[in-house]
Amino acid sequence: MIEIHHVVKRYGDKMAVYDLDFTVEPGVVTGFLGPNGAGKSTTMRMIIGLDAPTSGRVTVNGKRYAQHTAPLQEVGALLEARSVHPGRSAYSHLLSLAYTHGIPRRRVDEVIELAGLGKVAKKRAGSFSLGMGQRLGIAAALLGDPQTVMLDEPVNGLDPEGVLWIRNLLKGLAAEGRTVFVSSHLMSEMALTATNLVIVGRGRLLADTTVASFVEQAGGETVKVVNSDPERLRALLAGPDVTVTGEIGTETLQVSGLSAREIGSLAADAGIAVYDLTQQAVSLEEAFMALTNDAVEYRSSTDTETKGSVAT
Ligand SMILES: Nc1ncnc2c1ncn2[C@@H]1O[C@H](COP(=O)(O)OP(=O)(O)OP(=O)(O)O)[C@@H](O)[C@H]1O
C-alpha cells in the first residue's frame with residue numbers, strides 16, 4: 001500500500017505538488033493520470049525517496065522508502081529516465097543489480113523471461129529500441145519480486161503487442177495481491193488496465209475514483225445503431241432510462257440505457273433492418289480532457305481542436 005498524506009513539493013517558486021492526499025491499495029491496478037507537468041513523476045520520485053516532500057508524508061507499507069531494509073524487494077519502480085550503462089548487456093545490468101541487493105542469479109533469468117528479453121539479453125543495452133529499454137526497466141523493477149510495483153509511463157515506446165503484454169502483466173501482478181501504481185497520459189489505456197484512478201492536474205488532486213464510476217459519470221456505455229428506419233426505431237426504444245440521439249436525416253442513432261442485444265431484438269421484432277450495432281465506450285479521453293482542461297500547463301494552439309473520441 002502506498003499512502004500519500006497531504007504532500008506538498010515545491011521547487012523554488014514552483015509548486016510541483018500541492019496537498020496531494022490519496023492511498024494506493026493492493027490487489028488492483030491504480031492508474032495515475034494527468035496532463036504534462038501535473039506532478040506525476042514528482043510524486044513517484046517522492047515515493048521511492050529520490051525527492052523529499054517539502055511537507056507531508058509518503059509511505060510504502062507503512063514506512064518511508066528509506067526505512068525499508070530491502071527497498072528493492074519492497075518497491076519495484078520504473079521511472080522515466082533510463083539508467084542503464086549503454087555498453088552493458090541487459091543480462092549483466094540485471095545481474096549486477098541482483099548482486100548488490102542480495103537477489104539470487106536465477107531471479108535474473110526469471111525476469112528476463114518474464115519481460116520477453118530472452119533473445120536480446122546478451123546484447124548491449126545501448127543498442128536497444130525504446131520498447132526493449134522499457135522491457136528492461138520493467139525487468140529491473142520486478143527483480144526483487146516486490147510487493148509494490150510502480151511504473152511511470154510504461155507503455156511509452158511499446159508496440160501494440162508490448163502494450164497488451166504490459167496490460168496483462170499489470171493485471172496479473174495485481175491479481176497476486178500486489179500494489180500496482182502506473183502513470184499514463186492516456187485515459188483510454190488506463191480504462192483497459194486499471195480498476196482505480198487517481199487524476200492530478202497542476203499538482204493537485206482532481207479525482208480519486210474508479211474506472212467504473214469515471215465511465216458512468218462520463219455518460220456510461222452507448223450503442224451505435226445504423227438502421228433502415230431511425231424515426232420508428234427511436235420511438236420504439238424510448239423509455240424513462242433510455243437516451244437516443246442522432247442527426248435527423250441520417251441512419252445512425254446513439255443509444256444509452258439499453259444493451260446492443262435489447263436494441264437488436266426490438267429492431268428485429270419491428271422488421272427494421274440493422275446494418276451496424278456497435279457497443280461504444282464513452283469518449284473517456286474527452287471526459288478526461290474536460291476534467292483536466294484548466295490544469296493543462298503547456299498547450300499548443302491546435303490542441304483544443306484535435307479532441308479525438310477514443311473508443312475502448
Ligand atoms: N527538479 C525540478 N525543478 C524545478 N521544477 C520541477 C522539477 N521537477 C519537476 N518540476 C516541475 O514540477 C511540475 C511537475 O512536474 P512532473 O514532472 O512531476 O509532472 P508530470 O505529471 O510527471 O509530467 P509529464 O507527464 O510531462 O512527465 C512541472 O511544472 C515541472 O516543470
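Small disclaimer: the values here were computed from a predicted structure and weren't measured.
- The hydrophobic clustering, which links ILVMFWY residues whose side-chain heavy atoms are closer than 4.5 Å, places V149 and M1 apart.
- Formation of a donor-acceptor pair under 3.5 Å by the H6 side chain with backbone atoms of Y18 is not found in this model.
- A140 approaches H93 most closely through the heavy-atom pair CB-NE2, 4.5 Å.
- Nearest heavy-atom pair, L142 versus P146, reported as atom, atom and distance to 0.1 Å: O-CD, 3.7 Å.
- By the 4.5 Å heavy-atom criterion applied to side chains, R57 and V7 are not counted as neighbours.
- Side-chain contact check for T292 versus L206: some heavy-atom pair is nearer than 4.5 Å.
- Note that CG of N196 and CD of E25 are 7.5 Å apart. Values are rounded to the nearest 0.5 Å.
- Minimum heavy-atom separation, E251 to P230: CA-CG, 4.0 Å.
- Proximity of a side-chain donor or acceptor of R202 to a complementary backbone N or O of A16 within less than 3.5 Å is not detected.
- Remark: the backbone N or O of T148 is not paired with any side-chain donor or acceptor of T179 at under 3.5 angstrom.
- In this structure, H101 contributes its side chain and L97 its backbone to a donor-acceptor pair below 3.5 Å.
- Here the side chains of E189 and V163 are in contact, with some heavy-atom distance below 4.5 Å.
- When the options T43, V200, D51 are evaluated for a side-chain contact (heavy atoms from CB on, under 4.5 Å) with V17, the one that passes is T43.
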Salt bridge (charged side-chain N to carboxylate O under 4.0 Å, His left out) assessment of D19 paired with K9: CA-CA 9 Å; D19 200 24; K9 178 67 192 177; over 6 Å; no
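- A 6.0 Å sphere centred on CZ of R124 holds more than 12 heavy atoms belonging to other residues, nucleotides or ligands.
- You'll find the side chain of E74 stays beyond 4.5 Å of the side chain of Y65, heavy atoms only.
- Judged by distance alone, with hydrogens and angles left aside, the side-chain atoms of R135 form a donor-acceptor pair with the main-chain N or O of A115 at under 3.5 Å.
- Minimum heavy-atom separation, M44 to F32: CE-CD2, 4.2 Å.
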Side chain to side chain contact (heavy atoms under 4.5 Å, CB included) between V225 and V255, intermediate numbers included: CA-CA 8 Å; V225 47; V255 184; 3.8 Å; yes
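- Shown here is D241, whose CG atom has no more than 12 heavy atoms of other residues, nucleotides or ligands within 6.0 Å.
- Distance check: T23 OG1 to E3 CD gives 5.0 Å after rounding to the nearest 0.5 Å.
- A continuous path of hydrophobic side-chain contacts links V24 to L205 [ILVMFWY only; heavy atoms under 4.5 Å].
- Hydrophobic clustering of Ile, Leu, Val, Met, Phe, Trp and Tyr side chains at less than 4.5 Å, counting indirect connections, keeps V75 apart from V28.
- Note on W165: it clusters hydrophobically with V29, by side-chain heavy-atom contacts below 4.5 Å among ILVMFWY residues.
- Between the S265 side chain and the R261 main chain, a donor and an acceptor come within less than 3.5 Å of each other.
- For the pair S92 (side chain) and S89 (backbone), a donor-acceptor distance under 3.5 Å is present.
- Between I4 atom CD1 and T59 atom OG1 the span is 7.5 Å, to the nearest 0.5 Å.
- Residues L117 and L136 are in side-chain contact: their nearest non-hydrogen atoms beyond the backbone lie under 4.5 Å apart.
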Assess whether side chain to side chain contact (heavy atoms under 4.5 Å, CB included) is satisfied between Y275 and S228, documenting all intermediate values. CA-CA 8 Å; Y275 310 127; S228 60; 3.2 Å; yes
Would K40 and H185 satisfy side chain to side chain contact (heavy atoms under 4.5 Å, CB included), going step by step from the backbone distance to the final call? CA-CA 10 Å; K40 304 182 295 296; H185 287 107; 4.2 Å; yes
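- Put simply, V226 and V244 are part of two different groups of oily side chains (I, L, V, M, F, W, Y) that touch within less than 4.5 Å, one to the next.
- From R10, atom CZ reaches atom CE of M15 across 3.5 Å, with rounding to the nearest 0.5 Å.
- When all heavy atoms of L237 and V242 are compared, the pair lying nearest together is O-CG1, 3.5 Å.
- Between the side chain of S213 and the main chain of T209, no donor-acceptor pair closer than 3.5 Å is present.
- Not a single donor-acceptor pair under 3.5 Å links the side chain of D152 to the backbone N or O of L79.
- Here the OG1 atom belonging to T222 is positioned 7.5 Å from the CD atom belonging to Q279, to the nearest 0.5 angstrom.
- Within the 3.5 Å criterion, the main-chain N or O of E110 finds no donor-acceptor partner in the side chain of E113.
- Of the inter-residue distances, the one linking I138 atom CD1 with L114 atom CG reads 9.5 Å to the nearest 0.5 angstrom.
- Between L20 and R204 there is no side-chain heavy-atom pair separated by less than 4.5 Å.
- By the 4.5 Å heavy-atom criterion applied to side chains, I263 and L253 are not counted as neighbours.
- A heavy-atom distance below 4.5 Å is found between the side chains of M187 and L197.
- Across all their heavy atoms, R234 and T245 have their closest contact at NH2-C, 4.2 Å.
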Please evaluate residues R107 and L143 with respect to the criterion side chain to side chain contact (heavy atoms under 4.5 Å, CB included), reporting the C-alpha separation (whole Å), side-chain torsions for both, the decisive distance (0.1 Å), and the verdict. CA-CA 7 Å; R107 182 64 186 158; L143 195 60; 4.2 Å; yes
